[in-house]
Amino acid sequence: METKIKAITSNSLDEAKNIIVNGGVVAIPTETVYGLGGNAFDDDAVKRIFEVKGRPNDNPLIAHVHTDYDLLKIVDYIPPYAEKLRKAFLPGPLTLVYPSKGKVSPFVSCGLDTLAVRVPSHEGAQAFLRAVGIPIVAPSANLSRHVSPTSAKHVFDDFEGKIPLILDGGNCEGGIESTVCDCTGEYPVILRPGLITKEMIEKVVGRCGEHLPDLKKGEKAKSPGMMYKHYSPRCKTLLFSAENVENAILRYHAESQENQGVAVLCEEKWISVFEKAGAKCLNLGKNQAEMAMRLYGLLREAETVCKVLIVVEPTEKSGIMVGVLNRLQKACASEDIPHEKI
Ligand code: AMP
Ligand code: MG
């Protein structure tokens with residue numbers, strides 16, 4: 001199969017719609033990362049997404065809809081606090097999980113009585129969702145566990161020959177996946193940190209919980225996808241905290257004696273320190289938004305240019321850095337943590 005990359009025009013949207021209504025999958029841009037989209041009502045299309053990605057079949061998918069889509073067609077109930085969150089943050093990088101039974105293909109939520117829904121703000125994504133007019137399930141358009149894609153080229157690199165069409169909407173500005181927030185209880189609970197932070201949610205609804213399982217302790221995840229080694233480049237990765245830069249430098253020297261192609265991924269303020277030590281550096285950036293936006297592109301670059309990547313965690317730990325750190329820790333996890341089903 002030829003994989004075409006096309007700019008978003010009325011012709012390419014017609015083509016995309018045609019593929020979707022015939023049960024196929026199309027890669028689409030969003031403001032966070034690229035997604036691999038299929039019809040949420042079509043069992044075979046949903047199964048195809050899991051198959052193409054090699055995604056574990058207990059990791060549910062997010063349904064994407066346009067701004068005027070009637071949410072009650074696919075969810076059972078919208079709690080008042082979720083309504084407030086919708087008003088405050090949508091369209092945008094926030095996924096809300098609602099009670100929902102039997103409304104879309106059962107394969108979407110892997111047997112859970114809930115559905116995760118997102119309304120992306122990316123213009124191209126909105127144009128696509130309006131053109132098809134149905135909810136589109138779209139996990140990140142990368143092979144399972146590989147680094148998420150923030151450009152059409154990243155998608156092509158993972159799926160050349162496996163999908164017919166990539167709609168090219170440029171580089172994603174957000175850079176990390178949406179915040180996933182459970183709206184099935186008394187108050188919202190963050191299941192995956194992202195660009196909409198706990199503090200931002202608290203400002204709107206007063207209270208917001210966080211359920212981020214400690215991977216090292218093998219805690220149960222309410223959001224199954226949170227338990228996997230994920231977002232990982234295909235090179236050895238070694239993670240150091242910002243308080244441990246001396247050790248990172250020592251390790252750089254030790255690894256360089258044994259390997260060709262050792263590089264360092266760090267925030268801008270450490271670049272000169274590592275360059276003095278002779279290291280090739282990948283610059284994560286100097287502020288939070290920049291670090292989120294650059295992260296995946298740099299992890300993908302790292303796997304093409306180096307054998308060993310020394311990663312220094314950013315110093316800042318709050319705000320959207322909670323999400324950036326979460327992705328970095330998973331990208332550098334050394335093995336899968338066996339997870340229990342919920
Ligand atoms: P991805 O689309 O690859 O970025 O991953 C989607 C994320 O949303 C994963 O962490 C899933 O576990 C989570 N998710 C999707 N649907 C649900 C749901 N119904 N309940 C809880 N988490 C969900
Ligand atoms: Mg993903």
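These values consider heavy atoms only, across backbone and side chains, with no hydrogens, waters or symmetry-generated copies. Indexing begins at 1, ligand by ligand and atom by atom, following the structure's order. As the structure is a computational prediction, the values presented were derived from the model and not from experiment.
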Next item on the list: Determine whether the side chain, the backbone, both or neither of L191 has a heavy atom under 4.0 Å from any heavy atom of ligand 1.
Entry: side chain
Note to self: Within ligand 1, which atoms have a heavy atom of S140 less than 4.0 Å away?
What the structure shows: 1 (P), 2 (O), 3 (O)
Check: Can you list the steps and then say if S178 with T95 is a side-chain hydrogen bond (donor to acceptor under 3.5 Å, both in side chains)?
Finding: CA-CA 6 Å; S178 62; T95 295; 2.7 Å; yes
Checklist line | NZ/NE/NH1/NH2 to OD/OE distance under 4.0 Å, E51 and K47 | finding: no
Notebook entry, point to check: Is a side-chain donor-acceptor pair under 3.5 Å present for N11 with T9?
Noted result: no
Next item on the list: May I ask you to check if ligand 1 and K53 share an N or O to N or O distance below 3.5 Å?
Entry: no
Next item on the list: Number the atoms of ligand 1 from 1 as they appear, then name those within less than 4.0 Å of a heavy atom of T114, with their elements.
Entry: 18 (C), 19 (N), 20 (N)
Notebook entry, point to check: For ligand 1, which part of T95 has a heavy atom less than 4.0 Å away: the side chain, the backbone, both, or neither?
Noted result: neither
Note to self: Could you report the tightest heavy-atom contact between Y34 and L167, atom names first, then the distance?
What the structure shows: CE2-O, 3.3 Å
Notebook entry, point to check: Is the shortest distance from a Lys or Arg side-chain nitrogen in R118 or E177 to a carboxylate oxygen in the other one below 4.0 Å?
Noted result: no
Notebook entry, point to check: Is the shortest N/O to N/O distance between E177 and ligand 1 below 3.5 Å?
Noted result: no
Margin query: Using 0.5 Å steps for rounding, measure from the CD1 atom of I190 to the SG atom of C208.
Written below: 4.0 Å
Check: Which ligand 1 atoms, with their elements, are less than 4.0 angstrom from a heavy-atom of V180?
Finding: 8 (O)
Margin query: By the definition side-chain hydrogen bond (donor to acceptor under 3.5 Å, both in side chains), identify the one residue from D158, D157, T150 that meets it with R300.
Written below: D158
Note to self: Would you say S148 and R327 are linked by a side-chain donor-acceptor pair, where the criterion is simply a distance under 3.5 Å?
What the structure shows: no
Item checked: Under 2.8 Å from the Mg ion (ligand 2) - protein N/O/S, by chain and number -> S140 OG
Notebook entry, point to check: Taking heavy atoms and a distance under 4.0 Å, where does V97 meet ligand 1: side chain, backbone, both or neither?
Noted result: side chain
Note to self: Listing request: all ring-ring contact (aromatic ring centres under 6.0 Å, His included) pairs with a residue in residues 292-315, at least two apart in sequence or in separate chains.
What the structure shows: Y231-Y296
Check: I271 and C281: which non-hydrogen atoms are nearest, and at how many Å?
Finding: CD1-CB, 3.7 Å
Notebook entry, point to check: Any idea which atoms of ligand 1 are less than 4.0 Å away from a heavy-atom of N59?
Noted result: 9 (C), 11 (C), 12 (O)
